[in-house]
Structure formats: C-alpha cells, structure tokens
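All remarks here apply to the structure that follows.
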Amino acid sequence: MVAIMGTSGSGKSTLLNILGFIDKISNGEYYFDGENVETLTSVELAEFRNKKVGFVFQYFALLNDYTVYENIQLPLLKTKLSKKEKKKIIEEYLIEFGITSQKNKRPQEISGGQQQRVAIIRALVTNPSYILADEPTGALDKKNGEAIMNILKDLNKNGKTIIIVTHDNNVANFCDRIITIDDGKIINSLCV
Ligand SMILES: Nc1ncnc2c1ncn2[C@@H]1O[C@H](COP(=O)(O)OP(=O)(O)OP(=O)(O)O)[C@@H](O)[C@H]1O
Ligand SMILES: [Mg+2]
C-alpha cells in the first residue's frame, strides 16, 4: 500500500494516469509485469486498463443516470461472464460493503461515503492487480474518510496492491510506503 504525496502540480495525478495506462510517458520507460508498456497497441492498452487496474477518484465519478447496481456492473459488461455470475460478484460485494439496501438508488440519493464504496466496488469487480486512488477521501468528512481508508487497508491485507495520491498525512499513515514527488521527480521514498 503506497501513498504518493507532493505539492499541487508536482505530478501526482500524472504519475497515477501513467501507471493506469491512461497517459503515455514522454521520457523514460514503463515496464509492467516485464512488458514495455510503450510497445503496446491502443487495443492492448485498453485491455490492460480493463483487466489490470481499478480506478477510484476524489469525486467518485459515478454515472448519475444509472443505479448503484448498474454503475458497479459497467466494467463487467465487456467480460464473458453470464448475467448470473455478474450478479453473484456484485451482490457479494454489496453485502461486504454494507450497501445492499442502496443498490437500486441513484448516486445522488446516497451519501458521499456510500458513493465512494460504490466506486471502490466498481474498481474491484474485474479483480484487477491493483487499485489506483486519486485523493479517495478528499471529498469526505473525517469519519467517512477513515471508513474508506479502513476498507482500502483491508483490501491490501487480503493481497491487493493499492496506490493512493493524497495531501493528507492521516491517509498516508495507513500506507506502508510514502513516496514524495516534486516537479515530476521522486525526492523521498519512506518505508513505514
Ligand atoms: N494533459 C496535460 N498536458 C500538459 N500538462 C499537463 C497535463 N496535465 C497536467 N499537466 C501539468 O503537469 C503538472 C503536473 O500535474 P498533475 O495534475 O499531475 O499534478 P498533481 O500533483 O496531481 O496536482 P494536484 O495536487 O493539484 O492534483 C502540472 O504542471 C500540470 O499543469
Ligand atoms: Mg492531482
């Protein structure tokens, strides 16, 4: 579980977007699982994005016209899973995250903490190798922020790699390693 810290404009989101196959590097090399990412075609990159990584954002990035269930189902639409298999995966997460009763509501009808739980489930349903989170608690009050961090910590204890961009020392303290960047360069890497 890694925190990426640094002042505004230092390149945190850029780094996250490179790691998540959204942005391309203009310098250097990025190897993922031994593969040089620069050599991948756009189709292969899209496949990497769908299969390898789950994104969580500060403002949740849920689709307002879709229900909680439908939002979570989105990343599964292009998989070969049957409707029944998809339902099983989603329902198990809804129970685990305590939001089963919210599944037919739209994002604006549930709390921020609940919306971020939905976004985390959406990031998890494809069973990605790692989760990238850009200020995941930035739009939440202290209590809900802590609850979300505990969820991410539990996922990490169960083997999921989690990379979090944050300005918040409390969030960084949940992590095993804190990387500080400044003007696009790592200036400190601390193992806790
Ligand atoms: N698409 C882009 N094209 C060109 N420059 C960009 C682009 N996106 C970001 N930048 C620049 O790259 C630098 C790093 O931006 P980035 O968004 O990664 O910062 P950040 O550390 O996430 O900041 P914040 O804490 O404010 O979110 C900034 O100088 C920004 O203006
Ligand atoms: Mg940013």
Side-chain angles (χ1 to χ4, degrees), residues 1-32 35-50 52-64 71 74-75 107 111-124 128-153 155-156 160-192:
M1 189 153 172
V2 181
I4 299 172
M5 300 191 84
T7 52
S8 185
S10 58
K12 303 180 297 294
S13 298
T14 304
L15 177 58
L16 219 57
N17 290 340
I18 289 169
L19 294 177
F21 318 106
I22 289 178
D23 277 350
K24 285 201 153 197
I25 53 172
S26 47
N27 249 313
E29 285 171 322
Y30 173 22
Y31 283 86
F32 182 88
E35 200 143 9
N36 185 345
V37 174
E38 284 306 286
T39 63
L40 299 177
T41 64
S42 56
V43 174
E44 286 169 331
L45 272 177
E47 208 160 282
F48 262 52
R49 266 196 302 276
N50 289 339
K52 309 275 187 198
V53 56
F55 284 94
V56 175
F57 302 95
Q58 179 171 2
Y59 295 104
F60 327 125
L62 299 172
L63 297 179
N64 285 329
N71 267 283
L74 279 175
S111 75
Q114 289 170 332
Q115 288 184 61
Q116 198 59 305
R117 284 178 173 77
V118 173
I120 291 173
I121 300 176
R122 181 184 57 184
L124 286 171
S129 308
Y130 58 108
I131 299 283
L132 298 176
D134 201 342
E135 297 276 3
T137 63
L140 301 174
D141 59 58
K142 196 160 179 256
K143 187 164 154 264
N144 275 304
E146 268 179 29
I148 290 299
M149 286 314 296
N150 280 316
I151 286 173
L152 294 174
K153 189 83 213 173
L155 290 169
N156 176 249
K160 198 68 81 190
T161 298
I162 306 208
I163 304 173
I164 304 173
V165 163
T166 183
H167 282 106
D168 185 344
N169 283 316
N170 293 322
V171 169
N173 286 336
F174 275 85
C175 298
D176 312 307
R177 187 174 164 202
I178 301 172
I179 291 174
T180 310
I181 62 175
D182 184 36
D183 200 14
K185 291 199 168 61
I186 293 178
I187 54 163
N188 197 17
S189 176
L190 179 77
C191 287
V192 193

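Counting starts at 1 for both ligands and their atoms, following the listed order. Note that this is a predicted model, so its numbers are computed, not measured.
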For this session: Using modelled atom types only, decide if a donor and an acceptor are shared between the side chain of Thr137 and the backbone of Leu140 within a distance under 3.5 Å.
Result: no
For this session: Can you pull out the closest protein heavy atom to atom 29 (O) of ligand 1? Residue, atom name and distance to 0.1 Å, please.
Result: Gly9 O, 3.8 Å
For this session: May I ask you to identify, for Thr7, whether its side chain, its backbone, both or neither come under 4.0 Å of ligand 1 on a heavy-atom basis?
Result: backbone
Exercise. Between the side chain of Arg49 and the main-chain N/O of Phe21, is any donor-acceptor distance below 3.5 Å?
Worked result: yes
Exercise. Could you go step by step and tell me if Asn150 and Phe174 meet the side chain to side chain contact (heavy atoms under 4.5 Å, CB included) rule?
Worked result: CA-CA 8 Å; Asn150 280 316; Phe174 275 85; 3.5 Å; yes
For this session: Find out whether Glu135 and Ser13 are in side-chain contact, i.e. whether some heavy atom of one side chain is under 4.5 Å from a heavy atom of the other.
Result: no
Exercise. Tell me, which protein residue and heavy-atom name are nearest atom 26 (O) of ligand 1, and how many Å apart are they?
Worked result: Ser8 OG, 2.5 Å
For this session: If you have a sec, work out which protein heavy atom is nearest atom 27 (O) of ligand 1 and how many Å separate them, to one decimal?
Result: Ser13 OG, 4.0 Å
For this session: Check for a donor-acceptor pair, side chain of Lys12 on one end and backbone N or O of Asp134 on the other, with a separation under 3.5 Å.
Result: no
Exercise. Tally of protein N/O/S atoms under 2.8 Å from the Mg ion (ligand 2)?
Worked result: 1
Problem set entry | From Ile178 atom CD1 to Leu190 atom CG, the distance as rounded to the nearest 0.5 Å | 5.5 Å
Exercise. Does the protein put any heavy atom within less than 4.0 Å of atom 20 (P) of ligand 1?
Worked result: yes
Exercise. Who's the nearest protein heavy-atom neighbour of atom 15 (O) of ligand 1, and how far?
Worked result: Thr14 OG1, 3.6 Å
For this session: Would you sort out whether Ile151 and Gln116 count as a side chain to side chain contact (heavy atoms under 4.5 Å, CB included), showing the intermediate values?
Result: CA-CA 11 Å; Ile151 286 173; Gln116 198 59 305; over 6 Å; no
For this session: Could you check Ile121 against Asn71 for side chain to side chain contact (heavy atoms under 4.5 Å, CB included), going step by step and ending with a plain yes or no?
Result: CA-CA 9 Å; Ile121 300 176; Asn71 267 283; over 6 Å; no
Problem set entry | Side chain Asn156, main chain Leu152, donor-acceptor under 3.5 Å | no
For this session: Kindly state if atom 13 (C) of ligand 1 has a protein heavy atom within a strict 4.0 Å cut-off, that is, under 4.0 Å?
Result: yes
For this session: Would you confirm whether any non-hydrogen atom of the protein falls under 4.0 Å from atom 10 (N) of ligand 1?
Result: no
Exercise. Angle class for the Phe57/Phe55 ring planes (parallel below 30°, perpendicular above 60°, tilted otherwise)?
Worked result: parallel
Exercise. Does Gly11 come within less than 4.0 Å of ligand 1, judged by its heavy atoms?
Worked result: yes
Problem set entry | Any protein heavy atom nearer than 4.0 Å to atom 4 (C) of ligand 1 | no
Exercise. When you look at Val192 and Asn173, which way does the side chain to side chain contact (heavy atoms under 4.5 Å, CB included) test go after all the steps?
Worked result: CA-CA 8 Å; Val192 193; Asn173 286 336; 6.0 Å; no
Exercise. Do protein heavy atoms approach atom 31 (O) of ligand 1 to less than 4.0 Å?
Worked result: no
Seminar exercise, completed: The answer for which part of His167 has a heavy atom under 4.0 Å from ligand 1 is side chain
Problem set entry | Distance from atom 25 (O) of ligand 1 to nearest protein heavy atom, with residue and atom | Lys12 NZ, 2.7 Å
Seminar exercise, completed: Closest heavy-atom pair, Ala119 versus Val56, reported as atoms and distance to 0.1 Å, is O-CG2, 4.3 Å
